[in-house]
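Report on the following structure.
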Amino acid sequence: MSRRQVNMRLSDLTRSQLAKLCRQLAASEATIVTVAIDRMYREINQPAAVTAAGTPEEDANENRAQL
């Protein structure tokens, strides 16, 4: 997987939130954005969870990026 630079214009509020997350999680801006996009993507595309009535339940945390 190759990496490429992506430039974005972020609002002052978003930049402030990003900076705070970087400090709190001791992570880079790239890591924060990558994890946020991955989690949003998985949330939108995950199959509906089923109850423990005998049918398998999708593990939403499987293969998620850890900070």
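Basis for what follows: all heavy atoms, side chains included, without hydrogens, waters or symmetry-related copies.
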Same apolar cluster: [X] and [Y], side chain cutoff 4.5 Å:
{"X": "Met8", "Y": "Leu21", "value": "yes"}
{"X": "Val6", "Y": "Leu10", "value": "yes"}
{"X": "Val33", "Y": "Leu13", "value": "no"}

Approximate separation, where rounding is to 0.5 Å, of Leu18 CG and Ser28 OG: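 OG of Ser28 is found 9.0 Å from CG of Leu18.
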So, taking the atom named CG in Leu25 and the one named CD1 in Ile32, what distance separates them when rounded to the nearest 0.5 Å? 4.5 Å
For the side chain of Asn45 and the backbone of Tyr41, is there at least one donor-acceptor N/O pair under 3.5 Å apart? yes
Any sub-3.5 Å donor-acceptor pair from Thr31's side-chain atoms to Ala27's backbone N or O?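 Checking the backbone N and O of Ala27 against the side chain of Thr31, no donor-acceptor pair under 3.5 Å is found.
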Write out all pairs satisfying salt bridge (Lys or Arg N to Asp or Glu O under 4.0 Å) with one or both partners inside residues 1-30, taking only residues at least two apart or from two chains.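 Every pair satisfying salt bridge (Lys or Arg N to Asp or Glu O under 4.0 Å) with a residue in residues 1-30: Arg15-Glu29.
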Identify, with sequence neighbours excluded, every residue that meets side-chain hydrogen bond (donor to acceptor under 3.5 Å, both in side chains) alongside Thr14. Ser11
